[in-house]
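Just so it is clear, the structure is predicted and the values come from calculations on it, not from any experiment. Quick note on labels: first sequence line is chain A, next is B, and so on, each numbered from 1.
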Protein chains: 2
Amino acid sequence: MTTSRSAASRGSGRGQRVTIADIARRAGVTSAAVSLAVNGRPGVSDATRARIMEIARELDWEPSPAARALAGAPVLTVGMVLARPAEVLGNEAFFGAFVAGLQEVLSAQDYSLQMKIVDSPEAEIDTYRRWFGQRRVDGVVVVDLRADDARIPALEELGQPALVVGGPGHHGSLPAVYVDDARATHLLVDHLAERGHRRIARVAGTAAFLHTAQRDQAFLDRCTELGIGGVLQDAGFGAQDAAVATAELLASDVPPTAIIFDSDEMALAGSHVLAESGVAVPGDIAVASYEDSPLARTHRPGITAIGRSAVEYGRVAATRLLEVIAAARRRDGEPDGMESEVRALEPELVVRASTDPAAQPVAG
Amino acid sequence: MTTSRSAASRGSGRGQRVTIADIARRAGVTSAAVSLAVNGRPGVSDATRARIMEIARELDWEPSPAARALAGAPVLTVGMVLARPAEVLGNEAFFGAFVAGLQEVLSAQDYSLQMKIVDSPEAEIDTYRRWFGQRRVDGVVVVDLRADDARIPALEELGQPALVVGGPGHHGSLPAVYVDDARATHLLVDHLAERGHRRIARVAGTAAFLHTAQRDQAFLDRCTELGIGGVLQDAGFGAQDAAVATAELLASDVPPTAIIFDSDEMALAGSHVLAESGVAVPGDIAVASYEDSPLARTHRPGITAIGRSAVEYGRVAATRLLEVIAAARRRDGEPDGMESEVRALEPELVVRASTDPAAQPVAG
DNA sequence: CTGAAAGCGCTTACAG
DNA sequence: CTGAAAGCGCTTACAG
């Protein structure tokens, strides 16, 4: 510590940082002019703007996000907090794919995703409060929506940009995007009914989540409408539970002739149980899934599934959240009405051999 | 816009933010004293420190990350950039699990993960440059290590905390954590050899990644040592390619009696092909995987795999990076020697019925 | 269209 | 152990 470098090592970094002051000096203008120029705001002539931009490029200037944030500009970060154990998330195909889709859109707009894992919904709400209090994020995306979710009123009260993934309903006045699960359920049940099934089971995921309840309801309703027997089998979480649920269905007095699973992971696990028990798919029992994946596709027989990818879901969510953030910034506190708009993703059915032997050419 | 709120709406936020100045006023000290107190630094008496902390809590004070960062404190964020398409990432079980593990450790230390998807290694390097230039991150984790990876020298030159996931070798002077792939390969090959296999195939993933090459080498070497026939079959990416590779192996003149796949996704896809072709597992051909997952476990027969979970890998990586960041901060520019230390995760073999019929009780 | 200034909320030497 | 001040790098009214 013999050399003096107090000025450099204090403050923000390595010392040789180039700032708008440097650019201003070179351009013979004030730093305010530089700020206006680089942010594309009116207030400088085209000529000086061009000169300033050129110098900024020459000097390899990078704006300081900290300084910008401190001065009140957006921090270009959106947050997502997950109240589930890491192990569980890691096993969910949905999670990685959804995040990847979010990232793709956010990165393209120079936005970052900030994630945090907590262990309770209370801790999740607390995190939102702190994040917005600290101005750490410009907005948040809320996943794993539940019925009467405590996070919704908390977020409404905070009055900050938030996008709910899930619904419809139970997202209060917040904007939301969701896959139309009722529609997806109809697609699945109708397809099976058309193929002659009269006794269909649904192996359902975690009951706490709203979409699970919605699928349950739609499933039962549709079965009633079509006059076919619908069986509901709860299966908690993941592959293990789905395997158990499938075994239970097999053991019942009158097993179903078709099973719809809540995810590809569950469908695969269930299929393994069927195969092990010598049950032919789809000959004895047909199999379908609410979620598609490469594994569902390469499985033999290929598994009929709802084809809305989680990646696409992530993209739509990110796009919508960015809109909400932009709107909030524009009105700066005044409500605006249209930002609570809800957007639904239309599900599509991908028919494969697990429900239709003709769907998959032998040389596939 | 009739009400005046210029002072409030300018600057950082909603106006009613509580700052260390507010605390200082209430406590009858300067804001400098507050700063020292809340950061646990010496310079204030225990009594005033306690009083300050109490007031901070009462006022519900939250430090401003922007202000801290601008004043030179760590930004409590680590970055990870991925040069792969979102779709590919989304399908990788490894990705989600690894991120979940990272998150778990980082969140506990109040650190955030910042991710970005780019479309080339050059863009990745550029992102590192900008992130550190902007002081957006305190460190980065580098994944998908390649042989002679251009990112390594770039990061070395930047001289900022970085942790390489992968190796050994090819990570230059940077600290690294890796799963010992040579060891994992021995575990797999030896296990198969012990069970009498004399012709083993390896279905390998993307050739560009270092660990693929290392597994190739270790595989060939070990086969030679044990005097058994080793077949290498390249399979590019994911389920589809693995299915094709497996079909090709089946079509060869003398098919192997065992196949080792690079990931659980590939092993599952390959198993589907085997099942479809009427090949008994493990009777005709045994199957093993370098990566475990719930699906590999519930598959029938359960798939023998290397049991080091990606979640755990993420945890170790985060822990190590945090150490490196702390060390860098302590020495403030002076090299320190021990932070380039490399840490290896010891792989474990989980034997299941895909290689050993006795391994899985029928009533599993 | 341009200049000069205040302010965002902290941290960190430097004097007392 | 405590006070007073400078500085981090921006943005945003406000005057000219």
Side-chain angles (χ1 to χ4, degrees), chain A residues 1 4-25 27-49 51-52 56 61-76 133-136 332, chain B residues 1 4-24 27-49 51-52 56 61-76 133-136 329 332:
Chain A
M1 289 290 185
S4 144
R5 47 181 176 130
S6 63
S9 68
R10 213 183 326 123
S12 180
R14 305 265 146 259
Q16 70 276 39
R17 195 184 219 307
V18 6
T19 72
I20 57 171
D22 299 319
I23 300 174
R25 206 173 307 121
V29 297
T30 60
S31 62
V34 175
S35 175
L36 294 177
V38 300
N39 287 302
R41 247 183 278 270
V44 284
S45 66
D46 289 358
T48 52
R49 182 187 304 276
R51 193 154 41 91
I52 288 170
W61 171 77
E62 290 291 343
S64 157
R68 282 189 158 167
L70 193 56
V75 292
L76 302 184
Q134 298 178 158
R135 280 184 40 83
R136 236 185 201 287
D332 194 18
Chain B
M1 289 294 179
S4 146
R5 43 174 182 139
S6 63
S9 70
R10 212 183 328 122
S12 181
R14 306 266 147 256
Q16 70 275 39
R17 194 184 221 304
V18 6
T19 72
I20 56 171
D22 299 319
I23 300 175
V29 297
T30 59
S31 62
V34 176
S35 174
L36 294 177
V38 299
N39 287 303
R41 244 182 278 271
V44 284
S45 66
D46 288 359
T48 52
R49 181 188 303 277
R51 192 155 41 90
I52 287 170
W61 171 77
E62 290 291 345
S64 157
R68 283 190 156 167
L70 192 56
V75 292
L76 301 184
Q134 298 178 158
R135 280 185 38 84
R136 237 184 201 287
R329 215 169 163 73
D332 194 19

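Atoms CZ (B:Arg136) and C1' (D:dC8) sit 17 Å apart, rounded to a whole Å. When rounded to the nearest whole Å, the span between CG of B:Leu70 and C1' of D:dG7 equals 9 Å. For A:Ile20 and D:dC10, the CD1 to P distance is 5 Å, given to the nearest whole Å. Spacing between atom CG of B:Asp22 and atom C1' of C:dC10 amounts to 13 Å, rounded to whole angstrom units. With rounding to whole Å, B:Ile52 atom CD1 is found 15 Å from C:dC10 atom C1'. C:dC8 atom P lies 13 Å from atom CZ of A:Arg135, rounded to whole Å.
Distances shorter than 4.0 Å separate some side-chain N or O of B:Thr48 from OP1 or OP2 on D:dT2. Look at B:Arg68 and you won't find any side-chain N or O under 4.0 angstrom from OP1 or OP2 of C:dG9.
Both B:Gly28 and B:Ala67 lie near DNA chain D, and the one whose nearest nucleotide falls closer to the 5' end is B:Gly28.
Stem list for DNA chain D (at least 3 consecutive Watson-Crick or G-U pairs, distances under 3.5 Å): C:1-3 with D:14-16, C:5-12 with D:5-12, C:14-16 with D:1-3.
Among the heavy atoms of the strands lying under 4.0 Å from B:Arg41 are primed sugar atoms or P, OP1, OP2 only; no base atom is included. Among the protein residues, A:Pro42 comes within range of no part of the nucleic acid, since none of its heavy atoms lies under 4.0 Å from any strand. When heavy atoms are screened at a 4.0 angstrom cut-off, B:Glu62 is found touching the sugar-phosphate backbone but no base atom.
Among C:dC10, D:dC1, D:dC10, the nucleotide with an atom closest to any side-chain atom of A:Thr19 is D:dC10. The B:Ala71 side chain lies nearest to C:dT11 when the options are D:dC10, C:dT11, D:dT2.
With hydrogens and angles ignored, the 3.5 Å screen pairs no side-chain donor or acceptor of A:Arg25 with any backbone N or O of A:Ser31. Looking at B:Arg136, its side chain never comes within 3.5 Å of a backbone N or O of A:Pro65 through a donor-acceptor pair.
Applying a 4.0 Å cut-off to non-hydrogen atoms, the residues of residues 29-40 of chain B that approach DNA chain C are B:Ala32, B:Ser35, B:Asn39, listed by residue number.
Here A:Ala56 pairs with A:Ile23, A:Trp61 under the side chain to side chain contact (heavy atoms under 4.5 Å, CB included) rule; sequence neighbours left out.
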